2 protein chains.
Amino acid sequence: MRAKPRFAPSQILRRARRRSTSQRSLLLDLIQQAGGHLDADELYRRAREQQPRLSLSTVYRSLRLFKQLQLIDELHFEEDHHHYEGHSPREHHHLVCLGCGRVVEFESPLIQQLKADVGGRQGFKVTSAELNLAGLCPRCRGKKGSV
Amino acid sequence: MRAKPRFAPSQILRRARRRSTSQRSLLLDLIQQAGGHLDADELYRRAREQQPRLSLSTVYRSLRLFKQLQLIDELHFEEDHHHYEGHSPREHHHLVCLGCGRVVEFESPLIQQLKADVGGRQGFKVTSAELNLAGLCPRCRGKKGSV
DNA sequence: CTTACTGCAAATAGTTTGCAAGAAG
DNA sequence: CTTCTTGCAAACTATTTGCAGTAAG
């Protein structure tokens, strides 16, 4: 393990004139520890294990705040709700297994190229890119016949 | 305009043992004509202009069916609901303007490369890729200051 | 005729909001 | 103390479902 690469969330909250509460710290910790891809409900369930009175509203309000402050990123997989992960300094994308739901992160320099390329051609200033690949992971490729 | 490149939807429905109804034809036509990116509600509103008794349930049921039959694709922009477009044989992706909401489609050979690349590295069989870029279109780049 | 499809109303999932009580600074 | 935040319940948006009537094949 290396030294913490990020500013302490409490400092970021402070700078944004937002209060650092036990709920917010807990939620942020859980998101960070989970290594990403949590949805609101899962986060809520995990948070309640440690603070049973924490409400779902607080989860949603916190997620919105964290997103505004760029502490987390919102992911849009093929579902009716969003997923979240701690904002990482390295841009990366996601590969989701349609068999078991496993999510793998990956980086690729091609994306930068693509952003510049397309942005230039269309005259857009591209500020963000979300790429989601879907397929079958090594394990699930075998069981294909049963589906 | 060229000759229709697709099978008639009615044939596809037939083959899948589904009935070809006036509602389904209308909805499919509207999606095709819109050139893509409609959401359920917008589709519902347009459909009612021609068939006032058509219900929202039918819209949702039809969308689900069309998606299953690969007649349409579902898009996951940064919103709480999905968007749909007629399935096109050429894989393409989307560039959304954060200023005015305009959606531009683009193709890029880099995506194929990326799919092969990442799939290979992770041992996945990649079956689909959704890439959404966001940014400011030429027109909206100017007004930036006012935001 | 038979079975799939539709419209309607009610149900459900995900998310937001009003408000009074509670905590941070 | 003052203002921001929380918990709770109620509201809201997007989508799904049960069921009886309607229409496609």
Side-chain angles (χ1 to χ4, degrees), chain A residues 8-31 37-69 71-72 74-84, chain B residues 8-31 37-69 71-72 74-84:
Chain A
S10 62
Q11 281 174 44
I12 295 181
L13 289 171
R14 181 86 60 89
R15 261 188 285 170
R17 303 253 146 56
R18 303 322 199 87
R19 290 181 181 169
S20 167
T21 66
S22 65
Q23 289 89 334
R24 289 179 180 167
S25 310
L26 171 59
L27 292 171
L28 220 28
D29 278 358
L30 288 173
I31 295 172
H37 324 131
L38 287 179
D39 58 29
D41 208 65
E42 179 60 26
L43 180 57
Y44 176 53
R45 257 177 282 131
R46 296 191 190 186
R48 293 192 87 169
E49 288 174 15
Q50 302 189 225
Q51 285 189 211
R53 303 211 40 213
L54 185 147
S55 79
L56 191 50
S57 317
T58 296
V59 171
Y60 280 111
R61 281 191 278 234
S62 300
L63 285 173
R64 205 186 330 167
L65 176 65
F66 297 162
K67 189 181 157 200
Q68 263 169 218
L69 300 181
L71 292 167
I72 62 173
E74 191 177 66
L75 309 175
H76 309 87
F77 296 153
E78 306 217 0
E79 292 186 52
D80 327 356
H81 58 267
H82 305 323
H83 289 244
Y84 300 87
Chain B
S10 62
Q11 279 173 45
I12 295 181
L13 288 171
R14 181 86 60 89
R15 261 188 285 169
R17 303 254 147 55
R18 303 322 197 88
R19 292 180 181 172
S20 167
T21 66
S22 65
Q23 289 90 332
R24 289 180 179 166
S25 309
L26 172 59
L27 292 171
L28 220 29
D29 278 357
L30 288 173
I31 295 172
H37 323 133
L38 288 178
D39 56 30
D41 208 64
E42 180 61 26
L43 181 57
Y44 176 53
R45 259 177 279 131
R46 296 192 189 185
R48 292 191 88 170
E49 288 173 15
Q50 302 188 226
Q51 284 190 211
R53 304 209 41 210
L54 185 147
S55 79
L56 190 51
S57 315
T58 296
V59 171
Y60 279 111
R61 281 190 278 233
S62 301
L63 286 173
R64 205 187 327 166
L65 175 64
F66 298 162
K67 189 180 156 202
Q68 263 169 217
L69 300 182
L71 291 167
I72 63 174
E74 190 177 66
L75 308 175
H76 309 87
F77 296 153
E78 305 219 357
E79 292 186 54
D80 326 357
H81 58 266
H82 306 322
H83 289 245
Y84 299 86

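Not measured: the values here are computed from a predicted model. To find a chain, count down the sequence lines: A is the first, B the second, and so on, and within it residues start at 1.
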Output the rounded distance in Å from [atom1] ([X]) to [atom2] ([N]).
X: A:Leu13; N: D:dT6; atom1: CG; atom2: P; answer: 10 Å
X: A:Tyr60; N: D:dC8; atom1: OH; atom2: P; answer: 16 Å
X: A:Asp41; N: C:dA13; atom1: CG; atom2: P; answer: 10 Å
X: B:Phe66; N: D:dT15; atom1: CZ; atom2: C1'; answer: 17 Å
X: A:Gln51; N: D:dG7; atom1: CD; atom2: P; answer: 7 Å
X: A:Arg48; N: D:dG7; atom1: CZ; atom2: P; answer: 10 Å
X: B:Glu42; N: D:dT13; atom1: CD; atom2: P; answer: 17 Å
X: A:Arg17; N: D:dT5; atom1: CZ; atom2: P; answer: 12 Å

Reckon [X] has a side-chain N or O less than 4.0 Å from the OP1 or OP2 of [N]?
X: A:Ser55; N: D:dT6; answer: no
X: B:Gln23; N: D:dA23; answer: no
X: A:Ser57; N: D:dG7; answer: no
X: B:Arg64; N: D:dT17; answer: yes

TODO: Just compare D:dT3, C:dC5, C:dC19 and give me whichever is closest to any side-chain atom of B:Arg18.
DONE: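 Side chain of B:Arg18 sits closest to C:dC5.
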
Task: Expected output: side-chain B:Arg14 to main-chain B:Arg19 donor-acceptor under 3.5 Å - done: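 Side chain of B:Arg14 to backbone of B:Arg19: no pair is present.
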
Open item on the list: For A:Thr58, is there any backbone N or O sitting under 3.5 Å from a side-chain donor or acceptor partner on A:Ser62?
Closed with: yes

Open item on the list: Other residues, nucleotides and ligands only: do more than 12 of their heavy atoms fall within 6.0 Å of CZ on A:Arg15?
Closed with: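 Check passes, neighbour count above 12.
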
Give [X] one of three labels, base, sugar-phosphate or nothing, depending on what nucleic acid heavy atoms sit under 4.0 Å from its own.
X: B:Arg24; answer: sugar-phosphate
X: B:Arg61; answer: base
X: B:Leu56; answer: base
X: B:Ser20; answer: sugar-phosphate

- [ ] For B:Arg14 and for B:His82, find the nucleotide of DNA chain D with the closest heavy atom, then tell me which residue's nucleotide is more 5'.
- [x]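 Between the two, 5'-proximity favours B:His82.
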
Open item on the list: Between the base of C:dT6 and the side chain of B:Arg53, is there a donor and acceptor pair under 3.5 angstrom?
Closed with: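 Such a pair does not exist between side chain and base.
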
- [ ] Record whether the side chain of B:Thr21 comes under 3.5 Å of the base of C:dT6 through a donor-acceptor pair of N or O atoms.
- [x]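 Looking at the base of C:dT6, it does not pair with any donor or acceptor on the side chain of B:Thr21 (distance under 3.5 Å).
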
TODO: Please work out which of the three classes, parallel, tilted or perpendicular, describes the rings of A:His76 and A:His82, given edges at 30° and 60°.
DONE: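 Judged by the thresholds at 30° and 60°, the geometry between A:His82 and A:His76 is perpendicular.
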
Task: Side chains of B:Tyr44 and B:Arg48, donor plus acceptor under 3.5 Å - done: yes

